[in-house]
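The chains referred to below are lettered A, B, ... by the order of the sequence lines, with proteins before strands, and numbering in each begins at 1.
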Number of protein chains: 4
Amino acid sequence: MPKRIDHGARREEVLAAAVRVFARKGFAASRIDDVAAEAGIAKGSVYLSFDSRDALLKAAFESYAALAADVLADLGSGPALDRLATLVRRIVAMLAAHPDHARVLVDLWASGQPLDMAAVYRDYRAVIENLLRQAREEGALRAGIGPEHAVVVVAAVEGCLLQWLVDPELPIADLAGPVIDVCVEGIRA
Amino acid sequence: MPKRIDHGARREEVLAAAVRVFARKGFAASRIDDVAAEAGIAKGSVYLSFDSRDALLKAAFESYAALAADVLADLGSGPALDRLATLVRRIVAMLAAHPDHARVLVDLWASGQPLDMAAVYRDYRAVIENLLRQAREEGALRAGIGPEHAVVVVAAVEGCLLQWLVDPELPIADLAGPVIDVCVEGIRA
Amino acid sequence: MPKRIDHGARREEVLAAAVRVFARKGFAASRIDDVAAEAGIAKGSVYLSFDSRDALLKAAFESYAALAADVLADLGSGPALDRLATLVRRIVAMLAAHPDHARVLVDLWASGQPLDMAAVYRDYRAVIENLLRQAREEGALRAGIGPEHAVVVVAAVEGCLLQWLVDPELPIADLAGPVIDVCVEGIRA
Amino acid sequence: MPKRIDHGARREEVLAAAVRVFARKGFAASRIDDVAAEAGIAKGSVYLSFDSRDALLKAAFESYAALAADVLADLGSGPALDRLATLVRRIVAMLAAHPDHARVLVDLWASGQPLDMAAVYRDYRAVIENLLRQAREEGALRAGIGPEHAVVVVAAVEGCLLQWLVDPELPIADLAGPVIDVCVEGIRA
DNA sequence: CATGAATGAGCTTTCATTCAT
DNA sequence: TATGAATGAAAGCTCATTCAT
């Protein structure tokens, strides 16, 4: 077997395999053997890239967090509520484009502490709070709506994700529109 | 330990203990020993009430589903959107009143087992679709909003729940208001 | 529930139930619950008649040993080889008449020490050695045959039993004839 | 512990250890731990070679069946009854040479599992039926004796085995002679 | 580096036995 | 006496992790 040139690349391959496996059977039912088989390497070799089974889940988390951070960054210019609509569309598109990562989210939610999911949602809300603050300054916001409603916008998107995860029949990709109808158009002045 | 008279009552006690344990450490990390200790009985005695560890999770699911069904039933009379607001308030109140059951939800979402969470959300959406249909008939609905936005309303509530589960700092009990602001008032004609 | 008058009778009932259960599923797979259910009493009540699960097997052994002893006793009068033939017929008839007891024999054979199966076969051989000794005195025995062939006669019968136990298709009841052909007629002078 | 090259060899070692343990304490009382200790490996390692405890018993059965098949094959030429005598001698020699395998036989008899001991004895009888048929054609058989007496010959051997298993004092190795006296010489014309 | 045999802690589940009623 | 809920010691099996090759 040839020696590995790029440790990082192998790590990515293994992680990708792990995410596929976790998505397929759930983290709890996923064995290191499964991940190794999916990656096409030996069980022990998984440990060359990751310290433990939990480290794989942590990496999957970080991988998702990076995806999410990408989406949250650089929303362009224009009216704040337009940027909010763009944000919603992008998140939904991202989830639909990475169904395996999305599926792993339930395991991340369920996995106790050491994964700072709270921070992910805190950042998420912070971005939207900012948009709402700007929309308020632009006078674009209906009375009674303010940054404190960011949690509801996040909820609408993540709640759609959740329903899709629980019931794959639900067409996640088509849900950006309805969410925007309610959470963007519904709060417009 | 004395003889039990009521098998059903003991079953409820064990289930309640299990739900507390699952809420505290997550289902994956919960041992039958933990449940037994929490219930104050011997490990083997858990099996007098439940066939297996998985059966405990299933029972927790059913227990939650019953709670949810209660909330969905009997929304009173009055304008449909008022009933929708009531529904949202009730669900949030129910979740806040049963934080342990709520915490177990992530395990139910993550559980690969045949728990039919999908049906729970399907029923949930169906109730709201009806309310939206009635609101439409009452002429209470803004243009562009219809039964197909039920998924967003469910999402807003479940998404708040999710954020709370992931970050217990978030005051779930205070979130009914914001959700109603957006998802009820925001869709009003 | 009425109180028991006759402890011994209840003991017999339980033992009979146990023998049926052991015959049906083998001792290893037989649970105290099974025996209790078969006897129509509660699990704990089995312990009123027997000290332990092993005690049931021991009792089954003693029960069989008594059956066997009965057959060996009182073979009537007449030429020794005729009595030997009678003995063989009786043993086979006894086994065929008590298939449950017979089936339990394999568990008795397999069950290690504290059951003195060795003594049963020792007694068995002793009786036949006596018959062969008498046959010899009667001049009824072929040259080269003597009391030391008792083990073979016992073997022929028990070997038939064994084949029947392993393969219930085999008609045990019809096997006395062939055994006598070989083991009685075959050793006649 | 170093890496194993030959999986099959390790399997044989574990099986041999298992047979020794089963012979010593009986299958019912044999723990996987015991087998592992006897084999000098860790408990979990037993499962690298065998799927379950029952699989060990099945393998022991197959191992014995192979031994038995060897003995039944290739009885040489010569008069059928001489070959029958050879067969008896060989079986007894085989049993005496493999006392552990022989001891496990009672567990195989008692095992409720689908081990098809019946087939072993069926084959066994078929071989002897053939020999008796040939003896008949050779005119070597006493009147009244025929292939239907094969069961008795098998019984005589297996019955000796049984008595030895139940009472190890009995000198199995010396029993071929008496069996032949009765079951071969006794049926000769 | 890569491998996969070996390990053994840990977990679920079973069930003989006890004993309060 | 009769009951069966309660117990808890066992035991089978799994699988993350290690490490000799």
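- Remark: B:Q113 engages B:D54, B:S111, B:L115 in a side chain to side chain contact (heavy atoms under 4.5 Å, CB included) (not counting sequence neighbours).
- When the salt bridge (charged side-chain N to carboxylate O under 4.0 Å, His left out) test is applied to D:R53, no partner is found at least two apart in sequence or on another chain.
- A heavy atom lying under 4.0 Å from DNA chain E marks none of the residues of residues 22-30 of chain A.
- Residue B:I32 has its side chain nearest to E:dT13 when only E:dT13, E:dT3, E:dC11 are considered.
- Projected onto DNA chain E by closest heavy-atom contact, A:G40 and D:G44 fall at different nucleotides, the more 5' of which corresponds to A:G40.
- Summary of the strand contacts: C:I41 and D:D33 both lie near DNA chain F, and taking for each the nucleotide with the nearest heavy atom, the more 5' one is attributed to C:I41.
- One N or O donor and one acceptor, one from the side chain of A:K43 and one from the base of F:dT17, sit under 3.5 Å apart.
- In this structure, D:V104 and D:L57 approach most closely via the heavy-atom pair CG1-CD1, 4.2 Å.
- For residues 57-68 of chain D, the set of pairs meeting the salt bridge (Lys or Arg N to Asp or Glu O under 4.0 Å) definition, not counting sequence neighbours, comprises D:K58-D:E62.
- Base pairing in DNA chain F yields stems of at least 3 consecutive Watson-Crick or G-U pairs, both distances under 3.5 Å, namely E:2-21 with F:2-21.
- Residue pairs that meet the ring-ring contact (aromatic ring centres under 6.0 Å, His included) test with at least one member in residues 21-58 of chain D, sequence neighbours left out, are D:F22-D:F27.
- In this structure, D:R11 atom CZ and E:dA6 atom P are separated by 14 Å, rounded to whole Å.
- Contacts of residues 46-62 of chain B with DNA chain E (heavy atom under 4.0 Å): B:Y47, B:S52, B:R53.
- A side chain to side chain donor-acceptor pair (under 3.5 Å) check over residues 25-46 of chain C, counting only residues at least two apart or in different chains, returns the pairs C:R20-C:E38, C:R24-C:E38, C:K25-C:D34, C:D33-C:K43.
- Residues passing the salt bridge (charged side-chain N to carboxylate O under 4.0 Å, His left out) test with A:E12, sequence neighbours excluded: none.
- Here CG of D:D100 is found 11.5 Å from CG of D:L105. Values are rounded to the nearest 0.5 Å.
- Residues passing the side-chain hydrogen bond (donor to acceptor under 3.5 Å, both in side chains) test with C:S63, sequence neighbours excluded: C:H101.
- Closest approach to the B:R31 side chain among F:dA6, F:dT3, E:dC11 is made by E:dC11 (side chain taken as heavy atoms from C-beta onward).
- Residues passing the side chain to side chain contact (heavy atoms under 4.5 Å, CB included) test with B:A39 are B:A17, B:I41, sequence neighbours excluded.
- Shown here are the side chain to side chain contact (heavy atoms under 4.5 Å, CB included) partners of D:Y121, two or more places apart in sequence or in another chain: C:L162, C:Q163, C:V166, D:W109, D:M117, D:Y124, D:R125, D:V154, D:E158.
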